[in-house]
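Okay, so here's the structure we're looking at.
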There are 2 protein chains.
Amino acid sequence: MKKINIYDESGFSDKAFKKLLVHDSPYFKILNFNFKEGQELPVHSHEIEGQVSIAILEGRGEFLGKDETTLSAQPGDVLISDISEPHGVRAKSDMRVLVTIAPPI
Amino acid sequence: MKKINIYDESGFSDKAFKKLLVHDSPYFKILNFNFKEGQELPVHSHEIEGQVSIAILEGRGEFLGKDETTLSAQPGDVLISDISEPHGVRAKSDMRVLVTIAPPI
């Protein structure tokens, strides 16, 4: 067993969102992204098999999809997307999210 | 893309911890467990390949391991365990956790 506290291990930056690699294995990759208000992970996709989950731990914002679609994002929200489907996140307040990618990219 | 808010979709029960299936696919299974103070997911393991992550969203408690070992559990903690390695959770306050299993059991 391995434990990491993402609140202790990572903070926020005015320059760009902060990215923390929590775990990487043949089974999944787990990342923590911290966004200051207004920062975003732009819409992107990769033509590979697999799915990504994005869980909102703190803060509010939007999930971004194809053709500029958005879905509100708040604590407790879990978004599931194919890796091949356009997805992104934009923060409307300081926001911490936990991302899991399986299989890992 | 699919979104679910686990705070809206599940609550707490005095009888036993509440289990919500958030997502199941060939890539991973995502579950939300809500524990009232004192409830627990007993230590268990399965002799199969793969790993499980347990993220603490709210509340405090302990991660349980083999031979009665424990690790404190608080918001922001992410535990990674092989599925074949004994693991469990015990709540010391009302606690919400997000569990991801890859590949899905």
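Proteins come first, then strands; the chains are lettered A, B, ... in the order of their sequence lines, and each starts at number 1.
Under the 4.5 Å side-chain heavy-atom criterion for grouping Ile, Leu, Val, Met, Phe, Trp and Tyr, A:Ile4 is connected to A:Phe28 within one hydrophobic cluster. Both A:Leu31 and A:Ile105 are assigned to one and the same hydrophobic cluster, defined by single-linkage of ILVMFWY side chains at heavy-atom distances under 4.5 Å. Cluster annotation: A:Ile83 and A:Val97 are assigned to the same hydrophobic cluster (Ile/Leu/Val/Met/Phe/Trp/Tyr, side-chain heavy-atom contacts under 4.5 Å, transitive). Placement of B:Phe63 and B:Leu41 within a single hydrophobic cluster is found when ILVMFWY residues are connected by side-chain heavy-atom separations under 4.5 Å, directly or transitively. Both A:Phe33 and A:Val89 are assigned to one and the same hydrophobic cluster, defined by single-linkage of ILVMFWY side chains at heavy-atom distances under 4.5 Å.
Residue-level contacts of residues 46-59 of chain B with chain A, in order of numbering, are B:Glu49, B:Gly50, B:Gln51, B:Val52, B:Ser53, B:Ala55, B:Leu57; threshold 4.5 Å between heavy atoms.
Within a 6.0 Å radius of NZ in B:Lys66, other residues, nucleotides and ligands contribute 12 heavy atoms or fewer.
Applying the side-chain contact (heavy atoms from CB on, under 4.5 Å) rule to B:Gln74 yields the partners A:Asn5, B:Arg60, B:Asp77; only residues at least two apart in sequence or on another chain are considered. The side-chain hydrogen bond (donor to acceptor under 3.5 Å, both in side chains) search around A:Ser72 returns B:Lys3, not counting sequence neighbours.
Taking chain A as the reference chain and counting heavy-atom pairs below 4.5 Å, the highest number among B:Ser81, B:Ser25, B:Pro75 is found for B:Pro75. Contacts with chain A were tallied for B:Thr69, B:Leu98, B:Ile80; B:Ile80 has the most, counting heavy-atom pairs under 4.5 Å. Residue with the most contacts toward chain A among B:Ile101, B:Leu79, B:Val78: B:Val78 (heavy-atom pairs, distance under 4.5 Å). For the set A:His87, A:Glu85, A:His23, the entry with the most heavy-atom pairs within less than 4.5 Å of chain B is A:His23.
When all heavy atoms of A:Ala102 and B:Tyr27 are compared, the pair lying nearest together is O-CB, 3.5 Å.
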Let me see the working for B:Ile30 and A:Thr100 under side-chain contact (heavy atoms from CB on, under 4.5 Å), right down to the final yes or no. CA-CA 10 Å; B:Ile30 303 175; A:Thr100 302; over 6 Å; no

Chi angles and distances behind the side-chain contact (heavy atoms from CB on, under 4.5 Å) call for B:Met1, A:Leu71: CA-CA 10 Å; B:Met1 301 203 302; A:Leu71 285 172; 4.2 Å; yes

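Within the 4.5 angstrom heavy-atom criterion, only backbone atoms of A:Leu64 (N, CA, C, O) approach chain B.
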Run the side-chain donor-acceptor check on residues 6-19 of chain A: report pairs under 3.5 Å with partners two or more places apart or on a different chain.
unit_1: A:Ser13; atom_1: OG; unit_2: A:Lys15; atom_2: N; d: 3.1

